[in-house]
Amino acid sequence: MSTPAADPLGARPDDPLSRERSHLASSRSALRAMREDVESLDIKDVTANWVNAEVLSRQIDDRIKALADLSDTPLFFGRLNYLHAPGAEQAESASKGAARSASGKGGGGRRAGEQFYIGRRHVHDADGDPMVIDWRAPVSQPFYRASKKDPLDVSLRRRFGYTGGDLTAYEDEHLMDPAEAAATSKLLQQEIERPRVGPMRDIVATIQPEQDEIVRSGLGGTVCVQGGPGTGKTAVGLHRVAYLLYAHRERLARTGTLVIGPNKSFLHYIEQVLPALGELTVRQGTVDDLVAHVEVRGTDEAPAAVIKGDARMAEVLRRAIYSHVTIPTEPVMVVRGSRRWRVPAYELEAIVRELLDRDIRYGAAREALPQRIAHVVLVQMERSGEAPDDRVQDAVARNAAVKAAVKAMWPPVEPAKLVLRLLTDADFLATHADGILDEDEQKTILWAKAVRSVKAAKWSAPDAVLIDEATDLVQRTHSLGHVVLDEAQDLSPMQYRAVGRRCTTGSATVLGDLAQGTTPWATRSWDEALAHLGKSDGVIEELTAGFRVPTDVITYASRLLPHIAPGLTPVASVRENPGFFDLRSVADTAEVVAACEELLRNEGSTGLIAADARIPALAEALTSAGIGYIDPGEETTVETRLTLVPASLAKGLEYDYVVLDEPQAVVDGEPDERTGLRRLYVALTRAVSGLIVTHAAPLPSQLA
């Protein structure tokens, strides 16, 4: 028997863990070399001008950032041993940095088949042979989907355990061995349950088969994901963006991608996920950011906000805009030199009606109108024996008489001024809302005081969405290649339309939970939401396996489901650790602070969630006790492990441990009981490892 040769990096051939550590060290060295190769590029004589040089320089900087080696982030988290070499479809990913095998590096090589290390990004050696395969490559897919029933030609799946950035353990699953019983991966469970300090992290090591199907679904179709707390819907949406950028990079580089979240705190919480996967070009924002045509300084009462967010307002706006069009009754006389050319009123009327019938944007039709009139004049010129060209037509279109006629027939419309008139002029609103809004609805959205200018108006967020709708009626909104819309259940129909305008020629990933809808206009069904989005053909998927919320916590919170969303399937926690859950009757805020101190003794983050009205008192109590805390969204910049969270901002956030203060106060803080119970459901399901519910007042009866 021959003795295996010693590894040059010190790996012992008889120790698998040592060999894997050696491969990790080699891979990190290779990644560093890849980065140094990019840093050494000289582009002085490559570009034709300074503009191209600036663009190329920026692309190189982005590439360097994408190749960063994060010391506390595993470079690879798994390994696949195939029985045979992968097929043509998988081999095709070689050009994207995900084909051929590691050729003997790291212990294994080309034995019966090939082996691949699966990681966050592709790494190759000096010869171009891959040392780590991107998790998005086709050859990596069996890592997430292979099973005993369908091994997908994989003989062995190996998972790696890390402490910080150091590889400390591995776990093998022999998929072709009938004698080995299928078992839950301990490393997988540990990774899912690992304490979560700071912002949200990626889940590439723990993606489950049902999640992977959504992540890898094609760019052409829209996917709507209904998922209860802890099912990973946000992570699925972000990883879907990363996958689509991998599979369709050139197309999405041209058309762009966008992630839309409910608020700035949420966006701060998720902002590091895509960069950790090497994707630096995805924009993130809120719906308010999309429609920021005016400064929002006011608020609406719920009844007014509901009506302004109703899809019927789109028709009111369309009527109001096109009411500016006037059917001509007088001819247009165009003078050129010594000749006069007359365009009769009936021809002008035919042009205007034809443009109206085409139902094109108001602004586009207005731009086309002078050219149509000029064309009529050119036809008359040709009949008289002249030979005009395009320059003559352009000159006629710019003729003063034509411009005056266009202004009279199809005057310019400023969207903000139009919306202002609708909201302040009762007669104007009544005319265009006739048969759409009843008199009470019209009175509800009318402003009490007249406002003379757009700048002086105290616009609300729903008003800004109306202006965005009007803007699109005048001029088409730019469409992106793909949009991810998270916490979508809280959007109004008009907000869905605003998002849909940003992906009319692209696709969308819609993420949400109907049980967590906490706005007066919360989504009633995903079919209805997709229709407002303009994506009625979207596919609705449901995630019901809970990976984040402990069993005892989600079971308690699910008592609210019959009262807030009776048709939804309760989340079933797949975590082996039931978590820590305690209900405590307290006398004052000092006992709430004591509960926080208790949880802070554990590793990880802690959130103190309370009704918005109780936040000042709790802040004062924490300060008096000498306990530091931060606000939601500051987790990325401050190391303090306690976050004081108003219930209105808790959606989408998660903490290892949570103290939930006064559930009844959370319910009472909303306009109606059902919305309050939904807000409470959100607050109850933010804990990853443990939850303490403190209350001086009786608990809501629905939790009995």
Side-chain angles (χ1 to χ4, degrees), residues 195-197 229 265 518 549-550 552-557 559-560 563 578-635 638-651 653-673 675-704:
R196 299 164 184 247
V197 179
S265 296
T518 52
V549 185
D552 291 353
V553 174
I554 195 64
T555 299
Y556 184 71
R559 296 182 182 184
L560 297 175
H563 308 281
F580 170 72
F581 175 63
D582 194 15
L583 289 172
R584 295 184 185 176
S585 178
V586 298
D588 51 32
T589 55
E591 294 187 50
V592 179
V593 171
C596 293
E597 290 178 309
E598 176 185 333
L599 294 182
L600 284 169
R601 298 189 190 104
N602 299 303
E603 181 185 2
S605 58
T606 297
L608 171 54
I609 303 177
D612 292 27
R614 288 184 55 80
I615 291 296
L618 291 170
E620 183 179 350
L622 290 170
T623 302
S624 298
I627 300 176
Y629 64 89
I630 56 177
D631 296 326
E634 293 182 355
E635 292 89 349
V638 182
E639 294 184 0
T640 302
R641 292 194 296 121
L642 176 64
T643 306
L644 181 56
V645 187
S648 62
L649 295 181
K651 193 171 297 180
L653 307 180
E654 60 182 28
Y655 303 94
D656 287 293
Y657 296 91
V658 168
V659 175
L660 174 59
D661 172 66
E662 289 296 353
Q664 188 60 55
V666 174
V667 176
D668 294 341
E670 298 298 328
D672 59 81
E673 185 180 60
T675 303
L677 291 173
R678 287 183 169 185
R679 183 76 71 189
L680 177 58
Y681 181 73
V682 171
L684 283 168
T685 54
R686 299 304 95 198
V688 175
S689 298
L691 170 67
I692 297 176
V693 177
T694 60
H695 64 99
L699 293 170
S701 60
Q702 293 83 356
L703 287 175

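The shown structure was predicted, so the numbers you read here are calculated from the model rather than taken from an experiment.
Counting heavy atoms from C-beta on, the side chains of Leu560 and Leu680 come closer than 4.5 Å. For the pair Val688/Tyr655, no side-chain contact is recorded, criterion being any heavy-atom separation below 4.5 Å from C-beta on. By the 4.5 Å heavy-atom criterion applied to side chains, Ser585 and His695 are counted as neighbours. A heavy-atom distance below 4.5 Å is not found between the side chains of Tyr629 and Leu618. A 4.5 Å side-chain heavy-atom check between Leu691 and Leu684 finds at least one atom pair inside the cut-off. Between Val659 and Val592, the closest side-chain pair of non-hydrogen atoms falls below 4.5 Å. Taking 4.5 Å as the limit, some side-chain heavy atom of Gln702 sits within range of a side-chain heavy atom of Leu677. Under the 4.5 Å side-chain criterion, counting only non-hydrogen atoms from C-beta, Tyr657 is not in contact with Cys596.
Minimum interatomic distance between Arg584 and Ala595 (heavy atoms only, all atoms of both residues): NH1-CB, 4.1 Å. Heavy atoms only, all atoms of each residue included: Val666 and Asp661 are closest at CG2-O, 4.2 Å. Between Ala683 and Leu660, the shortest heavy-atom contact is CB-CD1, 3.7 Å. Taking each heavy atom of Val593 and Ala625 in turn, the nearest pair found is CG1-CB, 3.8 Å. Ser265 approaches Leu653 most closely through the heavy-atom pair O-CD2, 4.4 Å. Listed here is the closest heavy atom pair of Ala650 and Val682: C-CG1, 4.2 Å.
The side-chain hydrogen bond (donor to acceptor under 3.5 Å, both in side chains) test applied to Arg559 returns no partner, not counting sequence neighbours. With sequence neighbours excluded, the residues forming a side-chain hydrogen bond (donor to acceptor under 3.5 Å, both in side chains) with Ser648 are Asp612, listed by chain and number.
The existence of a salt bridge linking Arg686 and Glu654 is excluded, since no basic side-chain nitrogen approaches an acidic carboxylate oxygen closer than 4.0 Å. For Arg678 and Glu673, the salt-bridge test fails: no basic side-chain N is under 4.0 Å from an acidic carboxylate O.
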Yes or no on side-chain contact (heavy atoms from CB on, under 4.5 Å) for Val553 and Val658, after CA distance, side-chain angles and deciding distance? CA-CA 11 Å; Val553 174; Val658 168; over 6 Å; no
Go through the steps to decide whether Thr518 and Arg679 satisfy the test side chain to side chain donor-acceptor pair (under 3.5 Å), and finish with yes or no. CA-CA 6 Å; Thr518 52; Arg679 183 76 71 189; 3.3 Å; yes
Under the side-chain contact (heavy atoms from CB on, under 4.5 Å) rule, what do Val645 and Leu608 come out as? Steps first, then yes or no, please. CA-CA 6 Å; Val645 187; Leu608 171 54; over 6 Å; no
side-chain contact (heavy atoms from CB on, under 4.5 Å) between Glu598 and Ile692: does it pass, once the steps are laid out? CA-CA 10 Å; Glu598 176 185 333; Ile692 297 176; 4.2 Å; yes
Apply the test side-chain contact (heavy atoms from CB on, under 4.5 Å) to residues Asp552 and Phe580: give CA-CA distance (whole Å), side-chain angles for both, the deciding distance (0.1 Å), then the verdict. CA-CA 8 Å; Asp552 291 353; Phe580 170 72; over 6 Å; no
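Residues Thr675 and Asp672 bring a donor and an acceptor atom of their side chains to less than 3.5 Å of each other.
With hydrogens and angles ignored, the 3.5 Å screen pairs a side-chain donor or acceptor of Ser605 with a backbone N or O of Asp656. A donor-acceptor contact shorter than 3.5 Å is absent between the side chain of Glu662 and the backbone of Thr694. Within the 3.5 Å criterion, the main-chain N or O of Gly604 finds a donor-acceptor partner in the side chain of Arg641. The main-chain N or O of Ala587 is found under 3.5 Å from a side-chain atom of Glu591 such that the two form a donor-acceptor pair. With Thr643 contributing its side chain and Gly607 its backbone, the two residues share no donor-acceptor pair below 3.5 Å.
Separation of atoms CD1 (Ile609) and CG (Leu644) is listed at 10.0 Å; rounding is to 0.5 Å. Taking CD1 from Ile615 and CG from Asp631, the interatomic distance works out to 9.0 Å, rounded to the nearest 0.5 Å. The OG1 atom of Thr606 lies 4.0 Å from the CG atom of Leu600; values are rounded to the nearest 0.5 Å. To the nearest 0.5 Å, atoms CG (Leu583) and CG (Leu699) are separated by 6.0 Å.
Remark: Glu597 CD is packed, more than 12 non-hydrogen atoms of other residues, nucleotides or ligands lying under 6.0 Å away.
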